[in-house]
Amino acid sequence: MLKRNAQQLNDILSDFFNENPELKTSVAEHRAVSAWRELLGEGVSHYTKNVYFRRNVLHVQLTSSVLRAELIMNKQNLIDKLNEYAEMEVVRDIVFR
């Protein structure tokens with residue numbers, strides 16, 4: 001059977017996310033949270049207690065004050081990398097606790 005309206009899945013998903021920007025933002029936020037452990041590696045993940053996203057701010061709980069100070073100095077670089085991984089500008093700030 002010949003399909004006349006056949007489209008590639010990539011095009012269908014792209015159209016769907018363009019029609020639903022809230023969902024697209026939500027997926028990008030989830031990517032940013034999951035990117036924390038992936039981008040910074042197992043060493044930082046060991047000292048990370050909790051990572052969550054609220055109102056364009058990534059909140060990260062750390063158990064090491066030395067690591068917290070180091071990450072604060074590299075905050076803008078981290079924001080850029082997380083946004084690049086999320087494929088969207090969703091992280092505007094990071095709060096370290």
Side-chain angles (χ1 to χ4, degrees):
M1 176 184 277
L2 185 63
K3 305 245 184 202
R4 293 179 187 230
N5 292 334
Q7 293 179 327
Q8 291 187 354
L9 185 59
N10 186 27
D11 295 336
I12 294 170
L13 288 175
S14 178
D15 291 343
F16 177 76
F17 282 125
N18 288 335
E19 292 173 5
N20 299 297
E22 305 87 24
L23 185 59
K24 184 177 182 178
T25 303
S26 179
V27 169
E29 290 172 358
H30 180 70
R31 280 187 193 153
V33 170
S34 64
W36 179 261
R37 297 190 192 284
E38 199 168 313
L39 290 175
L40 295 173
E42 203 169 305
V44 174
S45 293
H46 179 71
Y47 295 104
T48 302
K49 225 175 163 182
N50 193 11
V51 180
Y52 61 95
F53 201 86
R54 187 183 311 152
R55 297 184 186 151
N56 294 350
V57 177
L58 186 69
H59 296 265
V60 181
Q61 286 182 311
L62 298 166
T63 59
S64 170
S65 60
V66 175
L67 178 61
R68 184 179 308 115
E70 185 74 27
L71 292 175
I72 287 172
M73 290 191 312
N74 292 315
K75 185 191 285 191
Q76 189 57 49
N77 188 27
L78 288 171
I79 291 171
D80 294 341
K81 285 184 179 182
L82 291 169
N83 283 332
E84 182 180 328
Y85 189 89
E87 299 175 0
M88 190 176 180
E89 294 275 333
V90 290
V91 180
R92 293 213 173 96
D93 195 14
I94 302 175
V95 174
F96 297 104
R97 297 176 186 231

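This chain uses plain numbering: 1 for the first residue, then up along the sequence. For clarity, every value in this text was computed on a predicted model and none was experimentally measured.
Hydrophobic clustering (side-chain heavy atoms under 4.5 Å, transitive across Ile, Leu, Val, Met, Phe, Trp, Tyr) groups Leu62 together with Ile72. Clustering ILVMFWY residues whenever any of their side-chain heavy atoms sit less than 4.5 angstrom apart, transitively, puts Leu78 in the very cluster that holds Leu39.
Residues meeting the side chain to side chain contact (heavy atoms under 4.5 Å, CB included) test with Thr25, sequence neighbours left out: Glu29, Met88, Val90. Remark: Glu38 engages Tyr85 in a side-chain hydrogen bond (donor to acceptor under 3.5 Å, both in side chains) (not counting sequence neighbours).
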Sequence neighbours left out, cut at 3.5 Å: what donor-acceptor pairs do the side chains of residues 43-58 make with other protein atoms?
residue, atom, partner, partner atom, Å
Ser45, OG, Gly41, O, 2.8
Thr48, OG1, Trp36, NE1, 3.2
Thr48, OG1, Val44, O, 2.8

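Rounding to the nearest 0.5 Å places CG of Leu82 at 5.5 Å from CD1 of Ile94.
Between Ala86 and Ala28, the shortest heavy-atom contact is CB-O, 3.4 Å. Heavy-atom minimum distance, Ala32 versus Val91: CB-CG2, 3.8 Å.
Within a 6.0 Å radius of CZ in Arg37, other residues, nucleotides and ligands contribute more than 12 heavy atoms.
The hydrophobic cluster around Ile12 extends to none of the other residues, as no ILVMFWY side-chain heavy atom falls under 4.5 Å of it.
For the salt bridge (charged side-chain N to carboxylate O under 4.0 Å, His left out) condition, no pair includes a residue of residues 15-25, sequence neighbours left out. Residue pairs meeting the salt bridge (charged side-chain N to carboxylate O under 4.0 Å, His left out) criterion with at least one partner in residues 61-87, sequence neighbours excluded, are Arg31-Glu87, Lys75-Asp93.
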